[in-house]
Amino acid sequence: MGTKRNFRVWRGDASGGELRDFQVEVNEGEVVLDVIHRLQATQTPDLACRWNCKAGKCGSCSMEINGMPRLGCMTRMSTFTEDETVTITPLRTFPVIRDLVTDVSFNYDKARETPAFAPPPSLAPGEYRMQQVDVERSQEFRKCIECFLCQNTCHVIRDHEENKPPFSGPRFFIRAAELDMHPLDSQADRKEHAQASMGLGFCNITKCCTEVCPEHIKITDNAIIPMKERVVDRRYDPLVWLGRKIFRR
Ligand code: SF4
Ligand code: F3S
Ligand code: FES
C-alpha cells in the first residue's frame, strides 16, 4: 500500500500556465515518471509528458524536478522526504508546447549546423579501420542519449535567448570533440570550427552541463577545456603561455 504525497505540476501551453497541486499515491521503488503516469491514469488524463524507454536511455523524459534538470524515469521518489512537495516543471530553456513537453528543435538545428563525419574520399566503405585505442578515446562522448539536459542548464542560453543563434551548446561541443578524435575525420579542423562557428568562446567553463549529465560524461573537462586549450595554443596567446609556465611546473 502506497502513501499519498504532494506534487505541484506545471500545466499550460505557449500562451501561459500555472502550477497545480495534486496528491498522488507513491509506492516503494517508484520514480517520478511513475507518478506522472498515475496522475494521467487517475486525475489528469490530458497531462502532456514525453517519454519512451523508462530506462534512462532514450533521453525523452527530460524535465525539471524541484528546479533541477533531470530525467523523470531515473529520479527515484526515495530522493525526497515524505513530507516534501515535489515540483515538476518543463525544461526552461526551450519553448513550451504543452504541460511538460517542450519544443527542443533548437538542438536539431544545431545538429544540422555541425558538419557531418567525413572520411577521406580515397577510402571506400568497408575500408575504414580504427585502432581500439582510438575507439576508446571517444567512447565516453558516444554515450550521449541526447536528453538535452546539458543544453537546458547552460546559463549561456538558459538566461540569454539572444545567445541561441551563435551558441551550439555542450552537447554539440562533445560531438565536435568526438569527431576531432576520430582518425578518419577529414573535415576542416573541428576545434577551429567550434571556436569560429559554434560559440565555444561563450562557454566560461561553469561545468553546470557536466553536473546534470545522466550519462556522467565529463563534458567540460574532457571535451570543452581540451578544445579551448588547443585553440589557444594555435593562436599563441602569450598570456596563456606565461600562465602555464608559472602554474603548471
Ligand atoms: Fe544529455 Fe549528457 Fe548528452 Fe548532454 S551530453 S544531451 S546531458 S546525455
Ligand atoms: Fe555552459 Fe557547460 Fe560551458 S554549462 S558555460 S557549456 S561548461
Ligand atoms: Fe527514456 Fe526517461 S523515458 S530516458
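Just so we're clear, the structure is a prediction, and the values are computed from it rather than from any experiment. Count residues from 1 along the sequence. Every number for a ligand or one of its atoms is a count from 1 in the order of the listing.
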- Query: Are N27 and E30 close enough, and set up right, to give a side-chain hydrogen bond (donor to acceptor under 3.5 Å, both in side chains), and what steps lead you there?
  - Reply: CA-CA 6 Å; N27 301 302; E30 287 187 334; 3.2 Å; yes

Does a salt bridge link [X] with [Y], judged by any charged N lying under 4.0 Å from a carboxylate O?
X: K218; Y: E140; value: no
X: D99; Y: R11; value: yes
X: E84; Y: R5; value: no
X: R92; Y: D159; value: yes
X: R158; Y: E64; value: yes

Output the list of atoms in ligand 1 that are nearer than 4.0 Å to some heavy atom of [X], sorted by atom number.
X: I219; answer: 5 (S)
X: R171; answer: 6 (S)
X: P214; answer: 7 (S)
X: I174; answer: 5 (S)

- What are the atoms of ligand 3, with element, lying closer than 4.0 Å to any heavy atom of C53?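 Taking each heavy atom of C53 in turn, ligand 3 has 1 (Fe), 3 (S), 4 (S) under 4.0 Å.
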
- Message: Under 4.0 Å from a heavy atom of N52: which atoms of ligand 3 are those, numbered in the order shown and with their elements?
- Response: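 Within the 4.0 Å cut-off of N52, ligand 3 contributes 3 (S).
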
- Check whether any N, O or S atom of C213 sits under 2.8 Å from atom 2 (Fe) of ligand 1.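 A backbone or side-chain N, O or S atom of C213 is under 2.8 Å from atom 2 (Fe) of ligand 1.
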
What is the closest protein heavy atom to [atom], and at what distance does it sit?
atom: atom 3 (S) of ligand 3; result: K54 N, 3.1 Å
atom: atom 3 (Fe) of ligand 1; result: C144 SG, 2.3 Å
atom: atom 8 (S) of ligand 1; result: I145 N, 3.4 Å
atom: atom 6 (S) of ligand 1; result: F148 N, 3.3 Å
atom: atom 1 (Fe) of ligand 1; result: C147 SG, 2.3 Å
atom: atom 4 (S) of ligand 3; result: G59 N, 3.3 Å
atom: atom 4 (Fe) of ligand 1; result: C150 SG, 2.3 Å

- Message: Tell me the contacting part of M74 for ligand 3: side chain, backbone, both, or neither, using a 4.0 Å heavy-atom threshold, strictly below.
- Response: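 Answer for M74: neither.
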
- Item | Test log, rule salt bridge (Lys or Arg N to Asp or Glu O under 4.0 Å), inputs R129 and E127 | CA-CA 6 Å; R129 294 284 181 274; E127 287 180 352; over 6 Å; no

- Message: Just verifying a value: how many Å separate K54 NZ and C61 SG, rounded to the nearest 0.5 Å?
- Response: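 K54 atom NZ to C61 atom SG measures 10.0 Å (nearest 0.5 Å).
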
- Message: If I take atom CD1 from residue I219 and atom SG from residue C144, how far apart are they, to the nearest 0.5 angstrom?
- Response: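 If I round to the nearest 0.5 Å, the distance is 7.5 Å.
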
- Are the side chain of Q43 and the backbone of V24 linked by a donor-acceptor contact shorter than 3.5 Å?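 The answer is no, because no donor-acceptor pair under 3.5 Å joins these two groups.
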
- Query: Can you list the protein N, O or S atoms less than 2.8 Å from atom 3 (Fe) of ligand 2?
  - Reply: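 Near atom 3 (Fe) of ligand 2, below 2.8 Å, one finds C203 SG.
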
- Residue that, paired with D180, satisfies side chain to side chain donor-acceptor pair (under 3.5 Å) out of R137, K191, R175, H193: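 Only one of R137, K191, R175, H193 forms a side chain to side chain donor-acceptor pair (under 3.5 Å) with D180, namely K191.
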
- Which option, G72, P214, C61, owns the non-hydrogen atom nearest atom 2 (Fe) of ligand 3?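 It is C61 that holds the nearest heavy atom.
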
- Item | Closest non-hydrogen atom pair, C58 against C53 |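 Reported closest heavy-atom pair: N-SG, 3.2 Å.
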
- Have a look at ligand 1 and work out which part of K143, if any, has a heavy atom under 4.0 Å from it: side chain, backbone, both or neither.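 Neither; no heavy atom under 4.0 Å.
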
- Item | Per-residue contact class, V212 against ligand 1 - non-hydrogen pairs under 4.0 Å |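 None of V212 does.
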
- Query: Cut-off 3.5 Å, side chains only: do S60 and N52 have a donor facing an acceptor?
  - Reply: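 No - no donor-acceptor pair under 3.5 Å links their side chains.
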
- Answer yes if the ring centres of F173 and F202 are under 6.0 angstrom apart, and no otherwise.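 Between F202 and F173, which both carry aromatic rings, the centre distance is not below 6.0 Å.
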
